[in-house]
Structure formats: C-alpha cells, structure tokens
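Since the structure comes first, as structure tokens, the remarks are kept for the end.
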Amino acid sequence: MAAPVGPVKFWKPGSEGPGVSVSEERQSPAESSAVTVIYNPYASLSIEQQRQKLPVFKLRNHILYLVENYQTLVIIGETGCGKSTQIPQYLAEAGWTAEGRVVGVTQPRRVAAVSVAGRVADERGAVLGHEVGYCIRFDDCTDPQATRIKFLTDGMLVREMMADPLLTRYSVLMLDEAHERTLYTDIAIGLLKKVQKKRGDLRLIVASATLDAEKFRDFFNQNDTGDPSKDTSVILTVEGRTFPVDIFYLQSPVPDYIKSTVETTMKIHQMENDGDILAFLTGQEEVETVVSMLIEQARALARTGMKKHLRVLPMYAGLPSPEQLKVFERVPHTVRKVSCCVSQFLPPSRVSAAQMLHLSEEDFEKLPKSTVPEMQRSNLAPVILQLKALGIDNVLRFPFLSPPPAQSMVQALELLYALGGLDMHCRLTEPLGIRIAEFPLNPMFAKMLLESGNFGCSQEILTIAAMMQIQNIFVIPPNQKIQAARQHRKFAVEEGDHLTMLNVYEAFVKHSKSSQWCQEHFLNYKGLVRASVVREQLKKLLVRFKVPKKSSEGDPDPVLRCIVSGFFANAAKFHSTGAYRTIRDDHELHIHPSSVLYAEKPPRWVVYNEVIQTAKYYMRDVTAVESSWLLELAPHFYQQGTHLSLKAKRAKVDDH
DNA sequence: GAGCACTGC
C-alpha cells in the first residue's frame, strides 16, 4: 500500500536508458532519494569548443537567417541547449549590435538574469557591466555607452518602456522562458506586439517550451492574407540538450528522506568521476540540515584521504543573492559541487512540496503540465497602472495573450481610483497617478511614500517601505530557535510588523550597521544592507517629488496613519469565528506565523501588505489600526454609498 | 486562533 516516492532525477551524458549506478540501486529505500546528478563531460574543453558542442550551435546560421527574414522567431529548446547564452552572441557576431544597438534578453528571475549575463561575459572574455551587462530592480549593471548584450528581468523591460516606449535602442529582444507565463512576460508580449506594428525593424525571439509555441507564433503573426509565405513569425525547434535527463521514480518510500539524500549524495561523490550534484529538498530548513550533514561527512571523508573535494552549497530564495549565485560558479576539476535546492515544481493547485514528494508516478503524471498564467490570478493594479503610464488608455482592449478575468480588472481599477491614481474616467491623474507609476513598488507602497510628507513621517515611512522589500530579516537557525526568538522579541512592538521592522532598522543604524551586532541579534546583515540601498533609491524619488523630509520623532501615530493611507484597501477585521475577514469582500484571512502579531492577542482591526495562499490565506506584514482611521483616510472607499459609486464605475468600465 | 511556497517592479 506504500506509495512510491519520487521523482528522482538522474542526468548522465550520452545514455539513452537508465543511468548506471544510482538507478540500479533505486529500489533500496536507504539508498534512494530525490537526487539529481549532472555530469559535465566537456569541462576540460576550451570555451570556444564548449560553445560548439551546444545543440544550438548547429542551427546558428539558420537562426540568423530566420531573424533576418521574420519579425518574430519562436524558438523551442530545452534547458541546456544553449539558446539563452548563445543566441545573443550569434546576433552580436552577425552585426545586430552595430551602431550602438542593443540585443536584450529577458528572464523571469533576477538570479537568472545575473547568472546568464555572467556566463556570457565569461565566454566573451568581457568584464560584466561593459559589453555584456544586466539590469534588475535596484541593481543596474550596464554601461549606457558600451553595453551591447543586455540581460534584464521581464519586469524591468516593461519599466524601461515607460522611458522609451518603442525601445529604440534595441535591435532584437529575446524573451526567455516565455512558457512560464509570468505576469511581466505576458505584459511584455502584449506591449511588444504593439511596438512591432510601429517598428518593423525590431526583431523578437520568443523562447518557449513546446506547448505554447503555436500560440506565440499565431499571436505575433501579422499576416492576414492566408498566404503562408507572407507569415511574419515562425517556429524553430532546437533538438537535444547537452546533458540528457532521465527521471526515475522510487519503488518504495524512504523512511528518512533527509538521511537518504545525504547518503545518496555521498555515494555518488565516492563512485562517480566528474559531475556536480543537485539535491532537491522540500524547505529551507531541510536544505540547511542536509548542507551541514554533507559538510560534516565530506570532512570525515577528506580525513580518510579522499582527494576530490566536495563544495556544498545551499540554494533557496531567502538566501542573499551573492550566496545564491555561488551555485552557478564553475569549480576546478578537483572539486565536486553539490547544490541543495528547495524543490520548486509546485503545481498551481498549490499542493505543498512535501506532499508532492510523496506522490506516485501515476499521480505525478496527472498533475497539470502547464500552469495557469499569472495574469489570470493576480492583483492587476500594478499592471494596469503601468499600462496607463505607457499611454494605453483602454486597458480592456490591450492585446493580452490570455485576457485576465474582467472581475480582477474592475477590482484593480477600483483600487487605483481609491488610491487617487486614476480619475473617474479611468485616466491617470496628474501628478499623483504618474508619480505612483514611477515607483518600482506596488502602488499601495508608492501612495504611502508619497503621503508621508503630509503625515510628517517620511523618514520612518522610507525605512518601512525599504524594509518590507527584504524578506527574512529575522534569521532563525534551526538549532537556535529559542535564542533567536529571544533576540527578536527585543524589537517587537504590539502595533505590528511595520513598526517592528522600523525598530530593527533604526537599531541597525544606531549600532553603525555592524555585522557583528546583526549576528548577535539573529538579524540578516546582508538583508539590512540591502534595505539601506533600497532606502537610498526610494529617497531619491521622494526628493524628486519634493516630499518633505520629516520625522515623527518617535510618535507612532502619524506613521500608522500613513500606512493606512496606502494600505486601507487591505484591511481586515477579527471575527468571533477566530479568523479575520477582509472588509472589502469578506474573505477569510489569517495572520502569517512569521508576523510578530502571531500568537499575540489578535487586534480587532489590521491592515496588511499582502496575502499569500498556502494551506490557508495568510496576511503578511500586519499592523493593528483603528477602524476610525479607515473611514477618515479612505472615506471614498469605506463610507456608505461606496457600493453605488462602484457600481457606476463598473458600468463605465464595462462600456469600453 | 493556529504553525509558515516562489518569483517580479
């Protein structure tokens, strides 16, 4: 009756069927776990030889031909075929970066943008930030004069269009991992379709998995003559990958999967020649446990005379990005790299990773292959505001690849109206709406910052806004939970998370931003440094918008009221049922366990920054408020008659 | 009152 545990991934070059050593042993529970092995047989070759080994190399001229002759090329290729690193270089070599033009490559994730840029700079013998650069939020590593190949997050591309709607500097844009259908990839796709109509010279490469390729091609095809020879978009498939992948499923469950992950990893380390290892775990804490166990065992092994060194690296989102980037660094032949990652194959139904690891092969195969586009399930307020800022007045007629539900459009418009960013005719307001859109933040944060001068607490609000952009300020080592909690309590205040984070930052500054002090207080030093960088950048925007520099001098009231002026729409009331309910739509919510208000007497009224959905709907970053503030600071949103005006507005929206 | 998903601007 025991359900098989899986999946186990096993990569081995040149092998068609099951791999040799590990797979043969996969039926033995003690030696089975979710472990991926990557062999790199080309590590000893020169960079140029390595480039020529990539599957995409054979198609170099064909790709260049298609880019020359079609406005849009949809390219299908698996991870590892080399498309992300090679195609931009082929384009540069073929002249697409002549006369100051730029080839841009977007990635859905920051880490990917930085690491792929690093790899390409390496291959070209360039210093990162010159010929090859990257641009992500709060971190622009490009040279406006010198950069020819630019990697950026898709969100950053959308933001760039606010300054240059036709993206005049770019000759080619490649949207990598487009099949992931992230919110900003989808927006970029819609925007680029519009740009292409005005700029026939702009070339687009959409890199996608097989499933969506035809959808992308048809979306971009401007040929309405019915004659296929006049198509403006085309699909090309890159066959193969550098390292074939085999997936194995365990036959029986593993009693202690942490232990067996460590055992399997060590076995591979001792038995196999070259190759790095990826071990998948279900959470940050497990990653850290496995990392420390592996380090310990590798040390013991080194003492017995094992020549090959094991470099053990943790990899999870809470890690500062320089630490995350270490898993992409190349290591010498004498070293084997083990990256311990959090499993991220979570389906949209939000089954937890732990559950996932205990599914049978049959059940695993039943899970949906492609996820619901983010556009279908997101808060669209930031999107709509940005589209408006890009001059797209009728957002309902925007060419969405998958149009979002009308209801979420209406909600977003209502919120933006309530924030004062849009007027009654759904037009961007001047100057507030334009300013809100300028901030690289959720509109509620932007509104809060812009109001902070009026509340006489811009200093405090700047800190709070910056701190809220950083995750995991409180460090909780699994073996020192009690000590960490004791230190963290020193900063906690009954008002909630916002003022607690203000306290943390102010104490950090008071102690001269000392890393030693952070360590003693179980605080994320790098995170706090990042918060101060973010704070400086946000401060520049406030200076530009002439928001007066003021402090409430320790008085919490103005600060709390200012938070409400931005986050009034995210208000919830505690009910006798023992849960919170949103004021807006009576939706049940709970305080997230990471909040300082968790396990405290629940305040009657709260506002929160965001909701995350796991087992339940949790509010993250929560602060207690007075209900009277909601009425006072957002009368248009909460007073009687609101529903009527919303209905009227809805009717107006539906008219478009 | 009950115990923690990730990414992006």
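Numbers restart at 1 for each chain; the letters A, B, ... are given by sequence-line order, proteins then strands.
Distance A:Leu589 CG to B:dA2 C1': 15 Å, rounded to the nearest Å. Rounded to whole Å, atom P of B:dC9 lies 16 Å from atom CE of A:Met161. Distance A:Glu610 CD to B:dC9 P: 15 Å, rounded to the nearest Å. The CD-P distance, from A:Glu160 to B:dC9, rounds to 12 Å in whole Å. Taking atom CZ of A:Phe445 as the reference point, atom P of B:dG8 lies 16 Å away to the nearest angstrom. When the P atom of B:dT7 is taken as reference, atom CE of A:Met156 falls 18 Å away, rounded to whole Å. Atom-to-atom, CD1 of A:Ile187 to C1' of B:dT7 comes out at 14 Å; the value is rounded to the nearest Å. When the C1' atom of B:dT7 is taken as reference, atom CD of A:Gln613 falls 16 Å away, rounded to whole Å.
The ring-ring contact (aromatic ring centres under 6.0 Å, His included) check on A:Phe567 picks up A:Phe445, with sequence neighbours excluded. Under the side-chain hydrogen bond (donor to acceptor under 3.5 Å, both in side chains) criterion, A:Gln487 pairs with A:Lys490, sequence neighbours left out.
Comparing B:dC9, B:dG8, B:dC6 by their closest approach to the side chain of A:Arg620 singles out B:dC6. When the nucleotides B:dC9, B:dC4, B:dT7 are ranked by their closest atom to the side chain of A:Glu374, B:dT7 comes out on top. Relative to the side chain of A:Gln471, the nucleotides B:dC4, B:dT7, B:dG8 differ in distance, and B:dT7 lies closest. Side-chain atoms of A:Lys616 lie closest to B:dA2 of the nucleotides B:dA2, B:dG8, B:dC9. The nucleotide whose nearest atom lies closest to any side-chain atom of A:Ala599 is, among B:dC9, B:dT7, B:dA2, B:dA2.
Within 4.0 Å of A:Pro602, counting heavy atoms only, lies at least one base atom of the nucleic acid. Residue contacts shown for A:Tyr618 are limited to sugar-phosphate atoms, with no base heavy atom under 4.0 Å away. The residue A:Leu441 sits close to a base: some heavy atom pair falls under 4.0 Å. Base contact: A:Ile591 has a heavy atom under 4.0 Å from a base atom. A:Arg159 comes within 4.0 angstrom of the backbone, heavy atoms only, and of no base. A:Thr182 comes within 4.0 angstrom of nothing in the nucleic acid, heavy atoms only.
To the nearest 0.5 Å, atom SG of residue A:Cys426 and atom NZ of residue A:Lys388 are 5.5 Å apart.
The local environment of NZ in A:Lys193 is crowded, with over 12 non-hydrogen atoms from other residues, nucleotides or ligands closer than 6.0 Å.
For A:Thr153, a side-chain nitrogen or oxygen approaches OP1 or OP2 of B:dC9 to under 4.0 Å.
By the 30° and 60° cut-offs, the orientation of the rings of A:Phe439 relative to A:Phe545 is tilted.
The pair A:Lys616-A:Glu588 does not meet the salt-bridge criterion, since no charged nitrogen lies less than 4.0 angstrom from a carboxylate oxygen.
Toward the 5′ end of DNA chain B lies the nearest nucleotide of A:Leu597, the other residue of the pair A:Ile612 and A:Leu597 mapping further downstream.
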